[in-house]
Amino acid sequence: MQILTNPQELTAQCRQWHKDGETIALVPTMGYYHAGHESLMERGRQLGSKLVVSLFVNPTQFGPNEDLDAYPRDHERDAAIARSHGADLLFMPEAGSMYAKDHATWVEVPDMARGLCGASRPIHFRGVCTVVMKLFQLTQADVAVFGQKDWQQQAIIRRMVRDLNVPVRIETQPIVREADGLALSSRNVYMTAEERAQAPQLHKGLELARALARQGERNAGILRDAVLRYWAENLPLGRLDYLSVVDAESLEPLDTLNGRSLMACAVRMGKARLIDNILLED
Ligand code: PAF
């Protein structure tokens with residue numbers, strides 16, 4: 001596995017691979033790998049003849065009071081994991097080589113970035129779209145793999161790729177969970193033991209909504225109230241950021257389930273902000 005930090009060298013290598021008839025799968029990450037990232041790498045390995053993993057804690061997607069400096073990092077361990085999943089290239093740039101001092105160009109999908117996580121993280125998706133677009137340009141990847149835990153992120157990236165005719169296919173991988181149902185996240189390490197013990201109730205609340213939907217409940221408000229009641233009892237350490245029912249593709253809020261409805265949430269548990277989501281219908 002090659003490790004590159006220089007964006008120009010990444011492009012040169014990817015161009016050469018394309019000339020040689022290889023196809024490139026890209027897995028963009030911010031590191032501190034867990035089994036969720038590993039599943040993205042496994043999928044990437046199947047989809048391209050060359051697998052590029054990027055590891056970059058992208059500063060432009062963090063707000064001024066967010067955890068950019070505290071974001072967990074372990075580059076040595078991450079490199080070993082990427083290697084063990086068959087990555088051909090690990091790209092680990094410095095922020096200065098990704099963003100010029102006078103960087104002034106942004107990619108935005110404002111209509112899809114206003115709700116859900118965007119409501120409390122107003123510049124987040126602009127930073128995500130911009131860095132992901134840069135990675136697509138640098139690698140000319142044929143396919144890129146994202147996780148469904150960040151459902152809003154992958155929906156926005158799909159729209160960006162469609163609207164800007166970016167020649168890359170977007171693949172998404174299911175959420176990987178702990179045995180007790182908690183979605184894996186690099187930020188889970190921020191929780192105390194007590195918070196961690198309650199955290200699986202987040203997903204249990206969403207499962208309750210799906211069970212009610214399967215029994216025929218179509219009213220999004222009723223489903224939402226049922227989850228909030230469940231959390232009030234079983235997740236007392238949680239502070240709600242949002243709980244919404246939206247169209248899974250457009251992310252438009254729904255009053256009534258429409259056949260492809262997603263329930264998504266963010267809840268703060270102490271220092272951790274946990275996100276999760278569930279498709280309410282099959
Ligand atoms: O999901 C993430 O880890 C990041 O948002 C991404 C896609 C790597 C962009 O920085």
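Read the numbers this way: they start at 1 and go in the same order the structure lists the ligands and their atoms.
Remark: Glu281 engages Arg218 in a salt bridge, criterion side-chain N to carboxylate O under 4.0 Å. Under 4.0 Å is where a charged nitrogen must lie from a carboxylate oxygen, and between Arg121 and Asp241 no such pair does.
The contact set between ligand 1 and Pro28, taken as ligand atoms under 4.0 Å from a residue heavy atom, comprises 8 (C). Applying the 4.0 Å criterion to heavy atoms of Val131 picks out, from ligand 1, the atoms 9 (C), 10 (O). Each of the following atoms of ligand 1 lies closer than 4.0 Å to a heavy atom of Gln61: 4 (C), 5 (O), 9 (C), 10 (O). Every atom of ligand 1 with a heavy atom of Thr29 under 4.0 Å away is listed here by number and element: 8 (C).
Nearest to atom 5 (O) of ligand 1 by heavy-atom distance, out of Met30, His124, Gln153, is Gln153.
Within the structure, the ring-ring contact (aromatic ring centres under 6.0 Å, His included) test picks out the following pairs touching residues 103-127 (sequence neighbours left out): Tyr99-His103, His103-Trp106.
Leu274 and Leu262 are assigned to two separate hydrophobic clusters, defined by single-linkage of ILVMFWY side chains at heavy-atom distances under 4.5 Å.
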Counting only pairs under 3.5 Å, give me each side-chain donor-acceptor contact of residues 138-147, with atom names and distances, residues two or more places apart or in other chains.
{"residue": "Thr139", "atom": "OG1", "partner": "Leu135", "partner atom": "O", "Å": "2.7"}
{"residue": "Thr139", "atom": "OG1", "partner": "Ala141", "partner atom": "N", "Å": "3.2"}
{"residue": "Gln140", "atom": "NE2", "partner": "Gln137", "partner atom": "O", "Å": "3.1"}
{"residue": "Asp142", "atom": "OD2", "partner": "His18", "partner atom": "NE2", "Å": "2.8"}
{"residue": "Asp142", "atom": "OD2", "partner": "Ile24", "partner atom": "N", "Å": "2.7"}

